[in-house]
Every structure is written in C-alpha cells, then in structure tokens.
Visitor: 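Below is one structure. I have some questions about it.
Quick note: numbers below take in every heavy atom, side chains included, and nothing from hydrogens, waters or symmetry partners. Here, residue 1 is the first one in the sequence, and each next residue gets the next number. Since this is a predicted model, take the numbers as computed values, not measurements.
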Amino acid sequence: MKDYRAFFGCEKDVFPANIAMKDILMTDALRGVIDRFEYTLRLGGMALVTGEIGSGKSTALRYAAGQLHPSEYLVITVTACTGSIMELYRQIVTEMKINRSSISRSVMMNIIKKEIVELAESHKLKPVLIIDEASLLRLDVFEELHTLCQFEQDSKLYLPLILAGQSTLADRLLYRTSASLASRIIARTHLEGLTRDGMKDYILHHVHLAGVTANPFDDAAVTAIHQASGGLLRKANHLARGALMAASKDGSCLVSAEHVRISSTELF
Ligand SMILES: Nc1ncnc2c1ncn2[C@@H]1O[C@H](COP(=O)(O)OP(=O)(O)OP(=O)(O)O)[C@@H](O)[C@H]1O
Ligand SMILES: [Mg+2]
C-alpha cells in the first residue's frame with residue numbers, strides 16, 4: 001500500500017497502538033477512571049473499570065498508574081487469563097519479582113501477602129494490584145480473590161485492587177460466589193464510546209501529534225468514523241489510518257466518508 005505518511009507530511013505513524021504516555025488524550029472517561037483510581041487507593045478498596053473492546057480501558061489504567069510516584073507506590077499489573085487462581089498467584093509473584101514459589105495455593109497466597117505486608121510496613125511502599133482483562137477470570141477465582149486483599153481480619157487495607165475488563169465482568173460479579181469480592185468494590189466506571197464531537201477532538205489530536213497542521217478529515221469522514229466505530233477508539237484508529245491510506249492512494253489531500261468506507265472493508 002502507498003505510504004500515506006509521506007503524502008500527508010506525517011512525521012510518524014498516526015493513530016498508533018502503542019501511544020506514548022505524554023500523548024494520551026485527556027477525555028472525560030479517562031478523568032473518571034483517574035478519579036476512581038485515586039479514591040480507591042486512598043481508601044484501600046477495590047474498583048471496577050469496564051468497557052467495550054477497544055474503548056480505552058488498558059490505556060486509562062496505564063495513565064492512572066503512571067501518575068503514581070514509584071518512590072511511594074508499587075504498581076503490580078497482571079493480565080488475567082482463564083487459568084486457576086494458582087495461575088494468577090504465579091503471575092503476581094513473577095510481577096513482584098519474588099523468588100519463592102510453591103505448589104500449594106495457600107502457601108502461594110501467604111508468600112504474596114507476606115511480601116505485601118513487608119512492603120507496606122517496612123519499605124513504606126503502597127502496593128496496588130491491577131488485573132486487566134479480568135472478565136477472563138474463572139468464577140472460582142472470583143470466589144477466592146478477595147482473600148488475597150484481606151489482612152488482619154480485614155482491618156488493614158494494604159492492597160487496593162483495580163479490576164478491568166469487558167462489560168461481562170460486571171455480570172460475573174453478580175454471581176453468588178463472587179459476592180464477597182463484589183461487596184468490597186467501592187467505585188466503578190464504564191467506558192462508553194466517544195460522542196461525535198469527542199471523536200472529532202480525538203482525530204484532530206492524533207493528526208496534530210503526527211505533525212500535520214491542516215486537518216485532512218472532512219466532517220462527513222469524522223461522522224463516518226464515529227458511526228462505524230461506535231465511538232470505540234481502537235476501531236476508530238484503524239478506520240482513520242485506513243482512510244488516510246485510501247485518500248493518499250486517490251491522490252486526495254482531503255479524507256472523505258468514501259475513504260472511510262473503503263477502509264472499513266478491511267476491518268472486522
Ligand atoms: N485517552 C486516549 N488517548 C489517545 N489514545 C487512546 C486513549 N485511550 C485509548 N487510546 C487508543 O485506543 C486504543 C485502544 O485502547 P485500549 O487498548 O486501552 O482499549 P481497551 O479497552 O483496553 O481494549 P481491550 O478491550 O481490547 O482490552 C489504544 O491502542 C490507544 O491507541
Ligand atoms: Mg485492554
């Protein structure tokens with residue numbers, strides 16, 4: 001495919017998946033996640049971040065965690081899988097760089113909890129556990145997970161927990177077996193798709209980040225991206241980048257709704 005970057009005078013790829021922290025756009029949704037993140041850390045509770053695929057959950061968590069100073073916080077981020085709670089414990093142990101391990105579930109839990117207490121009491125570091133893709137966790141993991149965050153009969157809140165995942169995560173917490181975990185959740189937010197105006201700002205933000213001063217997307221193209229993506233950011237990224245390619249192939253400096261349509265034929 002023709003390189004759209006040279007055609008539009010982009011200094012780098014537009015709409016990249018690996019957006020740098022400093023380039024993340026402050027949206028209302030992101031502000032909502034940060035507020036709840038801070039509140040949960042302050043109280044030592046649990047929070048839930050849900051949203052459709054590609055709505056910006058992981059980016060929001062990365063941004064919120066990135067605001068925490070490493071001299072004060074230890075952020076433990078794991079991406080959930082469909083395995084047992086032992087699998088999750090192993091992921092946490094690896095992420096915390098703990099050299100001990102065991103084949104016993106209770107021993108593994110105690111290894112992690114001991115380290116958390118040590119961090120909180122001796123090193124004066126505040127641990128935070130973030131589990132992304134938590135909608136993948138099995139129900140038996142939800143049943144047990146709260147015990148990892150219980151210290152001294154629940155009187156010490158050493159390990160705030162942020163769970164993020166697709167909308168089904170909230171449904172899974174409604175199961176009776178998840179009730180203990182759900183009862184400890186003190187804040188939740190659901191990331192919706194951007195509005196039409198929000199999408200316009202989002203597209204402009206990325207265009208400017210790439211060093212392009214004149215916005216090549218006409219109004220109809222923005223509307224088409226908004227409609228075809230449902231306001232969801234990853235889909236919007238792919239549509240907008242593909243539309244830039246289609247326009248450059250046409251030799252057109254303006255990106256139209258037709259270019260967005262052409263781009264959409266390559267996507268799911
Ligand atoms: N605030 C933002 N500013 C700029 N770009 C963003 C922002 N939020 C998300 N993005 C972009 O949208 C893409 C999708 O976001 P992200 O991966 O965070 O979504 P997600 O909800 O975690 O998706 P999934 O459900 O697949 O895990 C990212 O690659 C990133 O480029
Ligand atoms: Mg994600």
Visitor: Sub-3.5 Å donor-acceptor pair from the side chain of Glu87 to the main-chain atoms of Thr82, do we have one?
Guide: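 Not at all, since once roles are kept as given, no pair shorter than 3.5 Å links the two residues.
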
Visitor: Can you check whether Ile85's main-chain N or O pairs, donor with acceptor, with Arg90's side chain at less than 3.5 Å?
Guide: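 Not at all, since once roles are kept as given, no pair shorter than 3.5 Å links the two residues.
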
Visitor: Look up atom CZ in Arg188 and atom CG in Leu163, then write down how far apart they are to the nearest 0.5 Å.
Guide: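 Here the rounded value is 11.5 Å.
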
Visitor: Sub-3.5 Å donor-acceptor pair from the side chain of Gln67 to the main-chain atoms of Tyr63, do we have one?
Guide: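 Here the side-chain-to-backbone pair exists.
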
Visitor: Is the CG atom of Leu174 crowded by more than 12 outside heavy atoms at less than 6.0 Å?
Guide: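 Yes, enclosed.
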
Visitor: Ring centroids only, cut at 6.0 angstrom: are Tyr202 and His206 within range, meaning strictly under it?
Guide: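 For Tyr202 and His206, the ring centres are under 6.0 Å apart.
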
Visitor: Using a 3.5 Å distance criterion without hydrogens, assess whether the side chain of Lys126 forms a donor-acceptor pair with backbone atoms of Gly44.
Guide: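 Such a contact is absent between Lys126 side chain and Gly44 backbone.
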
Visitor: Ignoring hydrogens and geometry beyond distance, is a side-chain donor-acceptor pair present between Glu143 and Ser178 at under 3.5 Å?
Guide: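 Absent: no donor and acceptor within the cut-off.
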
Visitor: Evaluate Arg5 against Glu11 for salt bridge (charged side-chain N to carboxylate O under 4.0 Å, His left out), listing each step before the verdict.
Guide: CA-CA 7 Å; Arg5 291 171 304 185; Glu11 290 160 8; over 6 Å; no

Visitor: If you take all heavy atoms of Ser55 and Leu233, which pair is closest and at what distance?
Guide: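 Result for this residue pair: O-CD1, 3.8 Å.
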
Visitor: Which value, rounded to the nearest 0.5 Å, describes the distance between Ile34 atom CD1 and Met26 atom CE?
Guide: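 One gets 3.5 Å once the value is rounded to the nearest 0.5 Å.
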
Visitor: Tell me the closest heavy-atom pair linking Ala247 and Leu254, and the distance in Å.
Guide: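 Looking at all heavy atoms of both residues, the shortest contact is CB-O, 4.0 Å.
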
Visitor: For the CZ atom on Arg138, are there more than 12 heavy atoms of other groups (residues, nucleotides or ligands in this structure) within a distance under 6.0 Å?
Guide: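 Yes.
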
Visitor: State the CE-CD1 distance between Met109 and Ile116, to the nearest 0.5 angstrom.
Guide: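 Answer for the CE-CD1 pair, Met109 versus Ile116, is 12.5 Å.
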
Visitor: Taking atom types as modelled, find out whether Glu121 and Tyr158 have a side-chain donor-acceptor pair closer than 3.5 angstrom.
Guide: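 A pair is found: one side chain offers a donor N or O, the other an acceptor, under 3.5 Å apart.
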
Visitor: Any side-chain heavy atom of Leu173 sitting closer than 4.5 Å to one from Leu48?
Guide: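 Counting from C-beta outward, Leu173 and Leu48 do come under 4.5 Å.
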
Visitor: Keeping the roles fixed (side chain from Ser122, backbone from Glu118), state whether a donor-acceptor pair exists under 3.5 Å.
Guide: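 Indeed, once roles are kept as given, a pair shorter than 3.5 Å links the two residues.
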
Visitor: Taking all atoms of both residues into account, what is the closest heavy-atom pair of Glu52 and Ser167, and its distance?
Guide: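 Heavy-atom minimum between the residues: OE2-OG, 2.8 Å.
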
Visitor: If we only count heavy atoms from C-beta on, is the Ile112 to Leu148 side-chain gap below 4.5 Å?
Guide: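 A side-chain contact exists here, since the closest heavy-atom pair is under 4.5 Å.
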
Visitor: Indicate yes or no: does Asp28 engage Arg31 in a salt bridge with an N to O separation below 4.0 Å.
Guide: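 Answer for the salt bridge query: yes.
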
Visitor: Would you call Arg100 and Glu115 a salt bridge, using N to O less than 4.0 angstrom?
Guide: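 Judged by the 4.0 Å cut-off on N to carboxylate O distance, Arg100 and Glu115 do form a salt bridge.
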
Visitor: Looking at every non-hydrogen atom in both residues, tell me the closest pair between Thr168 and Ser135 and how far apart they are.
Guide: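 Closest heavy-atom pair between Thr168 and Ser135: OG1-CB, 3.5 Å.
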
Visitor: From Asn237 CG over to Ile19 CD1, what is the distance, rounded to the nearest 0.5 angstrom?
Guide: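 The CD1 atom of Ile19 is 7.5 Å from CG of Asn237, to the nearest 0.5 Å.
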
Visitor: Are the side chain of Thr223 and the backbone of Asp219 linked by a donor-acceptor contact shorter than 3.5 Å?
Guide: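 Checked: pair present.
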
Visitor: Minimum heavy-atom separation for Gln91 and Cys81, please, with both atom names.
Guide: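 Taking Gln91 first and Cys81 second, the nearest heavy atoms are OE1-SG, 4.1 Å.
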
Visitor: Short question: side chain of Asp218, backbone of Ala221 - any donor-acceptor pair under 3.5 Å?
Guide: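 The answer is yes, because a donor-acceptor pair under 3.5 Å joins these two groups.
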
Visitor: Checking the side chain of Arg241 only, and the main-chain atoms of Phe15 only, is there a donor and an acceptor separated by less than 3.5 Å?
Guide: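 Side chain of Arg241 to backbone of Phe15: a pair is present.
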
Visitor: Heavy atoms, side chains only, cut-off 4.5 Å: are Ser263 and His238 in contact?
Guide: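 When only atoms from C-beta onward are counted, His238 and Ser263 do not touch, as no gap falls below 4.5 Å.
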
Visitor: Nearest 0.5 angstrom please: Leu232 CG to Leu239 CG, how far?
Guide: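 If we round to the nearest 0.5 Å, Leu232:CG and Leu239:CG are 10.5 Å apart.
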
Visitor: Quick check: does any side chain N or O of His259 sit under 3.5 Å from a backbone N or O of Ser256, one acting as donor and the other as acceptor?
Guide: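 Here the side-chain-to-backbone pair exists.
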
Visitor: Let me see the working for Lys57 and Asp132 under salt bridge (charged side-chain N to carboxylate O under 4.0 Å, His left out), right down to the final yes or no.
Guide: CA-CA 8 Å; Lys57 300 177 294 295; Asp132 199 2; over 6 Å; no

Visitor: State, with a plain yes or no, whether a side-chain heavy atom of Leu68 is found less than 4.5 Å away from one of Phe37.
Guide: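 Yes, close enough: below the 4.5 Å cut-off.
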
Visitor: Is Asn110 close to Val107 at the side-chain level, that is, under 4.5 Å between some pair of heavy atoms?
Guide: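 They are not in contact (no side-chain heavy atoms under 4.5 Å apart), so the answer is no.
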
Visitor: Which atom names give the shortest non-hydrogen contact between Phe217 and Ala243, and what distance separates them?
Guide: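 Looks like CE2-CB, 4.4 Å.
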
Visitor: Is atom CZ of Arg105 surrounded by more than 12 heavy atoms (other residues, nucleotides or ligands) closer than 6.0 Å?
Guide: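 No, the 6.0 Å shell around CZ holds no more than 12 heavy atoms from other groups.
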
Visitor: Say you draw a straight line from CG of Leu74 to NZ of Lys97; how long is it, rounded to the nearest 0.5 Å?
Guide: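 Answer rounded to 0.5 Å: 8.5 Å.
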
Visitor: Tell me if a side-chain donor or acceptor on Arg261 pairs with a main-chain N or O of Ala257 at a distance below 3.5 Å.
Guide: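 Here the side-chain-to-backbone pair does not exist.
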
